[in-house]
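The basis for the numbers below is simple: all heavy atoms, side chains too, and nothing from hydrogens, waters or symmetry mates. Per chain, numbering begins at 1; letters A, B, ... match sequence-line order.
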Number of protein chains: 2
Amino acid sequence: MKNKKIPKATAKRLSLYYRYLNILHEDGKTRVSSSELSEAVKVDSATIRRDFSYFGALGKRGYGYDVEELMNFFSHILNQDHLTHVALIGVGNLGHALLNFNFRKNNNIRISAGFDIKEELIDTVYHGVPIYSVDDMVEQLNIQSIDVAILTVPADIAQETANKLVEGGIKGILNFTSMRLSVPKEVRVHDVDLTNELQTLIYFINYYKDIEDLNKANEE
Amino acid sequence: MKNKKIPKATAKRLSLYYRYLNILHEDGKTRVSSSELSEAVKVDSATIRRDFSYFGALGKRGYGYDVEELMNFFSHILNQDHLTHVALIGVGNLGHALLNFNFRKNNNIRISAGFDIKEELIDTVYHGVPIYSVDDMVEQLNIQSIDVAILTVPADIAQETANKLVEGGIKGILNFTSMRLSVPKEVRVHDVDLTNELQTLIYFINYYKDIEDLNKANEE
DNA sequence: ACTTAATTGTTAAAAACAAAACAAGTATCA
DNA sequence: TGATACTTGTTTTGTTTTTAACAATTAAGT
């Protein structure tokens, strides 16, 4: 297996490309150019071509890319043929929403276990997902050989819960808590920081307003 | 008002810094060094100092930063003294969770209106937030002078809904849909792509596994 | 067959970002 | 007060990412 180094920035766009290729395929399109795709995914066409080229010559000059071929290629790259079992830690408001969320539209991802401390949740089944006690978490993670966890617990127990996840042999954590986690370097953490996203958006809006004001002021 | 250009990457970290400064302050800490903060927020200490320095000399050599002073400074930068009204478009599973989410812990953000098409939701109040019909959205956005929207509608109506938001004078959209939106350049969109986040995490996990295998293979 | 228009893959340049290194300044303590 | 240890702010260096530009190639039409 060829193993050129794929830049992080490129890797983060692969899933997006794959999704839009699926849409094009469903719409019956057979070919697509980098500039067409660029309009859809809002990524510069040169960046798209560059991204694709890390995986070899996938298109044809003067023609573009074959939608189905490219889709199948990315399907493989993104492990669509292998089912990844995911655990949901903390079945509160957000956890609940994520259980119901369309991850299953991607048939390579399945939330196969939930964990919580609330007695009334333990040993129940939500949306087809059994909920266990956090006390049994390390054990269950091992038994079910789960290696990805979605963390949606309160901030004050985020780190200790992460420690247990590591103990349970987890390889990746999608961290929705407001805390930054300390984990061994072989465990990968992706932060989804909703408060930060919203605050940053607001900052940018105000910042750009200032810039516009400044531009007006500079017309002297 | 001084208006040096703040790099995008720096801007995205400001809210995180602010949050941790608050935690330190609550814990009664009066001073903090860049290396201490670095451990907490998982950002290189040099990057922290560089980030801070865009706003001037905020610390003291040989001492560090005064927690309260720095916190107040960022509070101002992040518009904590000004209430931003936010609309939630689409009160489904995820929307529901976000209504209940702790944005109100930040006293500068308030979700002040929800919009949906489901008759049973319209004219009700969830968690203190009134839900309106999407038909009245443009009107209400104007009346309530809301300029930020959280978009949690199904993919197939994402773009048309975004168009209405633009019509309603929205300045920023936090986009939870799986679609990339076309909006005028003065409107800012931040994408929170949950499927992408999870897929990317899985990709990285497998990718690094490959790298390790490769390293072993290369021991020849 | 030839011409024209289209589009890739890649090279080169630019921009953005991160990290290392260190001089300048400050605190602390004997 | 002087010496030592510490920590910032900034300069320099290195890395990553984006974008522009264009030669090479293909498709399609005449």
Side-chain angles (χ1 to χ4, degrees), chain A residues 2 4-14 16-17 21 24 29-71 73-74 180 185 191 200 203-204 207-208 211, chain B residues 2 4-14 16-17 21 24 29-71 73-74 180 185 191 200 203-204 207-208 211:
Chain A
K2 201 74 160 299
K4 286 176 286 191
K5 175 94 193 297
I6 308 300
K8 241 182 109 178
T10 296
K12 285 185 185 163
R13 287 186 287 262
L14 297 181
L16 180 65
Y17 294 147
L21 286 169
L24 290 173
K29 288 211 73 175
T30 57
R31 58 184 273 193
V32 67
S33 68
S34 60
S35 53
E36 257 179 290
L37 196 53
S38 171
E39 275 209 30
V41 301
K42 315 292 176 199
V43 172
D44 187 275
S45 67
T47 301
I48 291 178
R49 292 199 299 281
R50 153 64 102 243
D51 282 348
F52 287 2
S53 79
Y54 286 114
F55 299 98
L58 305 177
K60 271 194 233 157
R61 289 163 201 246
Y63 176 87
Y65 300 90
D66 182 281
V67 171
E68 191 166 0
E69 201 181 299
L70 199 55
M71 190 184 75
F73 185 84
F74 278 119
R180 294 301 148 112
K185 68 177 181 327
D191 298 308
T200 303
Y203 174 81
F204 273 111
Y207 174 66
Y208 275 107
I211 293 285
Chain B
K2 199 75 160 300
K4 287 177 286 191
K5 175 93 192 299
I6 308 299
K8 243 182 108 178
T10 296
K12 285 185 184 165
R13 287 187 287 263
L14 297 181
L16 180 65
Y17 294 147
L21 286 169
L24 291 172
K29 288 211 72 172
T30 57
R31 57 182 273 194
V32 67
S33 69
S34 59
S35 53
E36 258 180 288
L37 197 53
S38 171
E39 276 209 28
V41 300
K42 316 291 177 199
V43 171
D44 187 274
S45 68
T47 300
I48 291 178
R49 291 200 299 281
R50 155 62 99 234
D51 282 347
F52 287 2
S53 79
Y54 286 114
F55 299 98
L58 306 177
K60 269 195 238 160
R61 289 163 200 246
Y63 175 88
Y65 301 90
D66 182 281
V67 171
E68 190 166 1
E69 201 181 299
L70 199 55
M71 190 184 75
F73 185 82
F74 278 119
R180 294 301 148 111
K185 68 178 180 330
D191 298 308
T200 303
Y203 174 81
F204 273 111
Y207 175 64
Y208 275 106
I211 294 285

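Closest of all the heavy-atom pairs between L21(A) and V67(A) is O-CG1, 3.7 Å. Contact detail for Y54(B) and I6(B): the closest heavy-atom pair is CB-CD1, 3.8 Å. Closest approach of E39(A) to K42(A), counting heavy atoms only: O-NZ, 3.1 Å.
Phosphate proximity of dT19(D) to T47(A): present, with a side-chain N or O under 4.0 Å from OP1 or OP2. Neither OP1 nor OP2 of dT7(D) sits under 4.0 Å from any side-chain N or O of S34(B). OP1 or OP2 of dT18(D) sits under 4.0 Å from a side-chain N or O of R13(A).
Following rounding to the nearest Å, F55(A) (CZ) and dG9(C) (P) show an atom-to-atom distance of 13 Å. Atom CG of D51(B) is separated from atom C1' of dC17(C) by 10 Å (rounded to the nearest Å). Atom CZ in R49(A) sits roughly 8 Å away from atom C1' in dG9(C) (whole-Å rounding). In this structure, the CG atom of D44(A) is 15 Å from the P atom of dG9(C), given to the nearest Å. L37(A) places its CG atom 14 Å from the C1' atom of dT8(C), with the value rounded to the nearest Å. The separation between Y65(B) atom OH and dC6(D) atom C1' is 13 Å, rounded to whole Å. Between the OH atom of Y63(A) and the P atom of dG9(C) there is a distance of 13 Å, given to the nearest Å. Distance, F52(A) CZ to dT18(D) P: 14 Å, rounded to whole Å.
Sequence order on DNA chain D of the closest nucleotides to K60(A) and R50(A) puts R50(A) first from the 5' end.
Note that the OG1 atom of T10(A) and the CD1 atom of I48(A) stand 11.0 Å from one another [nearest 0.5 Å].
Side-chain proximity of P7(A) to dA19(C), dT17(D), dA28(D): nearest is dT17(D).
Evaluation of atom-type donor-acceptor distances gives no pair under 3.5 Å for the side chain of R61(A) against the base of dT26(D).
Among the atoms of the strands shown, base atoms are found under 4.0 Å from some heavy atom of A46(B).
Annotation: side-chain contact (heavy atoms from CB on, under 4.5 Å) contacts of T47(A) (sequence neighbours excluded): R13(A), V43(A), D44(A), D51(A).
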